[in-house]
Asker: 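I have a structure here, written as structure tokens, and I will follow up with some questions on it.
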Amino acid sequence: MLHQYQIFASLLAAATASPLSINSPNNTTNSTIAKSFKEVPLSATLQYVECFEGFKCANLEVPLDYDNTSIGTTNVAFLKWETPKQPAKGDILINPGGPGDSGVQYVENDLEILIGLFGDSYNIVGMDPRGVNNSGPIINCFPGQPGVRDYYDSQYYLKYDPHSPAQLVEHFEDAGAFGDWCMQTLNETARYANTPATARDMLQYAELLSESQGCDKTEAKVDYYGVSYGSALGTTFATLYPDRVGRMIIDGVVDVEDYYGGSWTQNVIQADQAVDQFFQECFNAKSNCSFYRNESSPAEIQQRFDAVLADLEKAPIPVSDPNLVQFPTTITHIDARSLLLQFIYNGQTNYPTIADQFSLLEQRNASLIITYLALAGTPKGLTLPLGGLEAAPEFSPVQPKLIIACNDQHGNYNISTVEKWQEYVSTLEGISRYAGGVWAAVITLQCRKLGFVPPETQQFPGFKKDLKTANPILFTTNTIDPVASSADKMSPFFADSVVLKQHAIGHGMQVAHSNCTTGYLTKFMETGELPPKGTVCEIEDKYFQVTEEAGGPTVQKRGIPKWSSIGW
Ligand SMILES: *[C@@H]1O[C@H](CO)[C@@H](O)[C@H](O)[C@H]1NC(C)=O
Ligand SMILES: *[C@@H]1O[C@H](CO)[C@@H](O)[C@H](O)[C@H]1NC(C)=O
Ligand SMILES: *[C@@H]1O[C@H](CO)[C@@H](O)[C@H](O)[C@H]1NC(C)=O
Ligand SMILES: *[C@@H]1O[C@H](CO)[C@@H](O)[C@H](O)[C@H]1NC(C)=O
Ligand SMILES: *[C@@H]1O[C@H](CO)[C@@H](O)[C@H](O)[C@H]1NC(C)=O
Ligand SMILES: *[C@@H]1O[C@H](CO)[C@@H](O)[C@H](O)[C@H]1NC(C)=O
Ligand SMILES: *[C@@H]1O[C@H](CO)[C@@H](O)[C@H](O)[C@H]1NC(C)=O
Ligand SMILES: *[C@@H]1O[C@H](CO)[C@@H](O)[C@H](O)[C@H]1NC(C)=O
Ligand SMILES: *[C@@H]1O[C@H](CO)[C@@H](O)[C@H](O)[C@H]1NC(C)=O
Ligand SMILES: *[C@@H]1O[C@H](CO)[C@@H](O)[C@H](O)[C@H]1NC(C)=O
Ligand SMILES: *[C@@H]1O[C@H](CO)[C@@H](O)[C@H](O)[C@H]1NC(C)=O
């Protein structure tokens, strides 16, 4: 019989690209369309060749250190969709988050979402930042062993209960061992994978593009959309090269000072609000919400919800049904909390799933959570990755995420003892009682023994207030963002910038359908016109009755992120 996980495994396989074929280099430049960046010629000028289905690709050779070219070079990958409306108004560089997520993959897979947001006056260009997917330097702490890498990553995150003192200690030591391991298996060039260096590569792109069009490269501007970690990259660029800011939309906005400062305490400040809103919407939806049991207030729903978590903590659910799992396992409150965190990345879409999941957990039925944990890349009771170890892809974003973030916070990191780690976990649990404990495990601790030092010229100097940019920046945010709600903090660093809010719950504009939002974004890209200060856009989606027809024509929703994309 077909196991549930096998059904999902095949769904997932259908959704991902087929294995890349590698042709001999002399068979690539002309007669074939490149199917992999290995087939795209490396060049210090922008040389686009046809690639994949309907895209163009360039593999740009850049200095590892622009201030000391004797150190050597690396490559940066770009994948471009050319609008049929040529000449285009420009090339929008895209960053989907992470750090570690691939702009190339994002544009290749989600082009329609992006056209829905910005219209079609621009070419849309996915860029893999340094250290990510098709761009060098290669960051993989398990070279040649993708199955081992994915197994390690899938086991690490849900292993430790932050409420257990013994497990806090074990976690602290394990994270240190990870750093020691990577310092031995990674190439020293990993230190050049950092955000200021990637910002410099963006400038290089804009200058080369401008030159290729016969324009003065010193006037070249960068057009950009970045969400999540992309807000760190975008604000870094704008701070380092303010006179080179073209049209910039910065979405799902991280507290970038907190990011560089090494503390990572400002991410989940609205996470509990996103969960509270679930109680409210479940209450409003009555029997449309599967968790509703005729309660007379949202607070009563919350009491049952909290009781489920408390019960799981006291008594984890053993799972021993051979139709459900490959080997027996136990579901803990950490499993439930980590999925809850992932679900609130998009309240519009995922509230019904939270309701279903907690209804079953209340009955101590683990069937649904087993499925979702596997989908999220953190399986319990099933081998990993979905499809087996041999199906592990060449690239995984997990280690690039850690290395880039830890490089960026070099010198500021201070969780140096178990006591400080305990303090940090309690601080985060104080900020979010639902998600703080699991968020604490995402990044910071693993910086502990990662000792790469970016060259001084690639260390971020800090923000200045009210910095004048060549064109004002548009910041966008949902009214509740569970992991990055700092648009109002970041905007004052940039003169004349505006924050556009969307009345939705989740991370990034695309979690909801809103003609109002897409209208403002498209107008901004076309004309540079900013929305009036204080604008809040309503959305077309209704909680607990989301349909694909609601709202704008092509904007889609972000579903459940994989654990590897948390971060942002
Ligand atoms: C050349 O490319 C074609 C088309 O992609 C492919 O079928 C063929 O096997 C390649 N030949 C070599 C020698 O790589
Ligand atoms: C590729 O180039 C090599 C060396 O120039 C040559 O020996 C080989 O025949 C070429 N292969 C194809 C498929 O053109
Ligand atoms: C190879 O490139 C030349 C010139 O760029 C072009 O005319 C020709 O059609 C290409 N051949 C194929 C098979 O694409
Ligand atoms: C450039 O890098 C090389 C090799 O690491 C080093 O020897 C040299 O001192 C550096 N030059 C400058 C100007 O920093
Ligand atoms: C890496 O890029 C390739 C395209 O070259 C894409 O097919 C693949 O999905 C990307 N991998 C990830 C994990 O982003
Ligand atoms: C690090 O990577 C660079 C570039 O790929 C390579 O030239 C160098 O030999 C590598 N160093 C080590 C120690 O592997
Ligand atoms: C329940 O869902 C149906 C269909 O989507 C909708 O018509 C109805 O108004 C909803 N009920 C409540 C209480 O929201
Ligand atoms: C809720 O109340 C309705 C009407 O009184 C009743 O039919 C239904 O069984 C109740 N549902 C639950 C879960 O108690
Ligand atoms: C658990 O829930 C699933 C989905 O509702 C259901 O199919 C299954 O029978 C339940 N298992 C038990 C043991 O009740
Ligand atoms: C670490 O440094 C931050 C400021 O960067 C400070 O707020 C925090 O208290 C420090 N944490 C510890 C555990 O020393
Ligand atoms: C949003 O725009 C689409 C397409 O332009 C239109 O069909 C739909 O009615 C609009 N929805 C609202 C609520 O304005």
Side-chain angles (χ1 to χ4, degrees), residues 97-100 129-131 139 141 156-157 162 168 171-180 182-183 186 190-199 228-236 239-240 253-269 271 398-432 435-464 483-486 489-490 493 566-568:
R130 289 187 176 207
I139 292 180
C141 297
Y156 177 85
Y157 286 101
L168 272 175
H171 194 169
F172 182 80
E173 295 304 343
D174 271 359
F178 169 80
D180 285 338
C182 291
M183 291 311 285
L186 280 175
R191 74 194 189 106
Y192 299 100
N194 59 67
T195 302
T198 295
S228 201
Y229 161 76
S231 68
L233 178 57
T235 53
T236 296
T239 299
L240 296 176
V253 187
V254 167
D255 181 338
V256 188
E257 266 191 331
D258 178 65
Y259 169 77
Y260 279 114
S263 65
W264 273 59
T265 53
Q266 298 305 300
N267 308 288
V268 288
I269 47 187
V398 178
Q399 281 120 51
K401 167 172 69 190
L402 297 169
I403 302 297
I404 293 166
C406 298
N407 282 349
D408 282 344
Q409 53 179 263
H410 162 73
N412 296 324
Y413 182 77
N414 63 7
I415 304 177
S416 50
T417 62
V418 172
E419 291 68 35
K420 286 185 174 177
W421 169 231
Q422 277 166 338
E423 217 175 278
Y424 180 72
V425 171
S426 345
T427 301
L428 281 192
E429 290 207 301
I431 291 166
S432 167
V438 286
W439 184 269
V442 170
I443 282 196
T444 42
L445 193 57
Q446 292 169 91
C447 293
R448 197 158 85 74
K449 297 259 183 106
L450 282 170
F452 295 109
V453 182
E456 234 165 272
T457 51
Q458 294 178 1
Q459 295 179 17
F460 187 64
F463 291 102
K464 307 176 186 84
V483 293
S485 49
S486 297
K489 171 178 174 174
M490 295 308 294
F493 291 129
I566 293 198
W568 314 289

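Quantities reported herein were computed from a predicted structural model and do not represent experimental measurements.
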Asker: Write down the atom of Tyr259, the atom of Pro99, and the distance for their closest heavy-atom approach.
Answerer: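 Closest heavy-atom pair between Tyr259 and Pro99: OH-CG, 4.1 Å.
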Asker: Grab the two heavy atoms, one from Gln459 and one from Val453, that are nearest each other, plus how far apart they are.
Answerer: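 So the two residues come closest at NE2-CG1, 3.9 Å.
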Asker: Excluding sequence neighbours, so at least two apart, what forms ring pair (Phe, Tyr, Trp, His ring centres under 6.0 Å) with Phe452?
Answerer: none
Asker: Minimum heavy-atom separation for Pro455 to Arg191, with atom names?
Answerer: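 Looking at all heavy atoms of both residues, the closest pair is N-NH1, 3.6 Å.
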Asker: From Ile443 CD1 over to Leu445 CG, what is the distance, rounded to the nearest 0.5 angstrom?
Answerer: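 Ile443 CD1 to Leu445 CG: 11.5 Å, rounded to 0.5 Å.
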Asker: Considering non-hydrogen atoms only, spot the tightest contact between Leu240 and Pro461 and give its length.
Answerer: CD2-CD, 3.8 Å
Asker: Do Val256 and Phe460 make a side-chain contact, defined as non-hydrogen atoms from C-beta onward lying under 4.5 Å apart?
Answerer: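 Side-chain contact under 4.5 Å: no.
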Asker: Go through the structure and list residues passing side-chain contact (heavy atoms from CB on, under 4.5 Å) with Gln422, not counting sequence neighbours.
Answerer: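 Testing Gln422 for side-chain contact (heavy atoms from CB on, under 4.5 Å), a comparison that skips the adjacent residues, returns Leu168, Val418.
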Asker: First locate atom CG of Leu186, then atom CD1 of Ile403, and finally report the distance between them rounded to the nearest 0.5 Å.
Answerer: 5.0 Å
Asker: Any sub-3.5 Å donor-acceptor pair from Ser231's side-chain atoms to Ser228's backbone N or O?
Answerer: yes
Asker: Taking atom OG1 of Thr235 and atom CZ of Phe493, what is their separation to the nearest 0.5 Å?
Answerer: 9.0 Å
Asker: Do Pro454 and His410 come within less than 4.5 Å of each other through their side chains, counting heavy atoms only?
Answerer: yes
Asker: So, Asp408 side chain and Thr195 main chain: donor-acceptor pair closer than 3.5 Å or not?
Answerer: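 Yes; at least one donor-acceptor contact below 3.5 Å.
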Asker: Excluding sequence neighbours, so at least two apart, what forms ring pair (Phe, Tyr, Trp, His ring centres under 6.0 Å) with His171?
Answerer: Tyr156, Tyr160, Trp421
Asker: First locate atom CZ of Phe463, then atom OG1 of Thr236, and finally report the distance between them rounded to the nearest 0.5 Å.
Answerer: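 The distance works out to 5.5 Å.
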Asker: If the condition is side-chain contact (heavy atoms from CB on, under 4.5 Å), which residues does Lys449 pass it with, not counting sequence neighbours?
Answerer: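 Partners of Lys449 by the side-chain contact (heavy atoms from CB on, under 4.5 Å) criterion, ordered by chain and then number, come out as Asp180.
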Asker: At what distance, to the nearest 0.5 angstrom, does SG of Cys447 lie from CZ of Phe178?
Answerer: 9.5 Å
Asker: Does Arg130 use its side chain to pair, donor to acceptor, with the backbone of Asn194 at less than 3.5 Å?
Answerer: no
Asker: For Ile431, which residues count as a side-chain contact (heavy atoms from CB on, under 4.5 Å) partner, sequence neighbours excluded?
Answerer: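 Ile431 satisfies side-chain contact (heavy atoms from CB on, under 4.5 Å) with Thr265, Val268, Ile269, Thr427, Leu428 once adjacent residues are dropped.
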Asker: Identify the heavy atoms of Asn407 and Ala190 that sit nearest to each other, and give their distance.
Answerer: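 The answer is ND2-O, 3.0 Å.
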Asker: With distance as the sole test, does Ser486 use its side chain to make a donor-acceptor pair with the main-chain N or O of Lys489 at under 3.5 Å?
Answerer: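 No, Ser486 side chain to Lys489 backbone: no donor-acceptor pair under 3.5 Å.
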Asker: Using only atom types and a distance under 3.5 Å, with no angle test, would you say the side chain of Gln399 pairs donor to acceptor with the backbone of Cys141?
Answerer: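 Yes: the side chain of Gln399 pairs with the backbone of Cys141.
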Asker: For the side chain of Asn412 and the backbone of Ser263, is there at least one donor-acceptor N/O pair under 3.5 Å apart?
Answerer: no
Asker: Trp264 versus Ile415: any side-chain heavy-atom pair under 4.5 Å?
Answerer: no
Asker: Got a sec, which residues hit side chain to side chain donor-acceptor pair (under 3.5 Å) with Arg448, two or more places apart in sequence or on another chain?
Answerer: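 For Arg448 there are no side chain to side chain donor-acceptor pair (under 3.5 Å) partners, ignoring immediate neighbours.
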Asker: Where do Gly100 and Pro400 come nearest, in terms of heavy atoms and distance?
Answerer: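 Answer, listing the atom of Gly100 first, then Pro400: CA-CB, 4.2 Å.
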Asker: Any chance you could measure Gln266, atom CD, to Asp258, atom CG, to the nearest 0.5 Å?
Answerer: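 Reported value, rounded in 0.5 Å steps: 5.0 Å.
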Asker: Please check: side-chain N/O of Tyr413 versus main-chain N/O of Thr444, any donor-acceptor pairing under 3.5 Å?
Answerer: yes
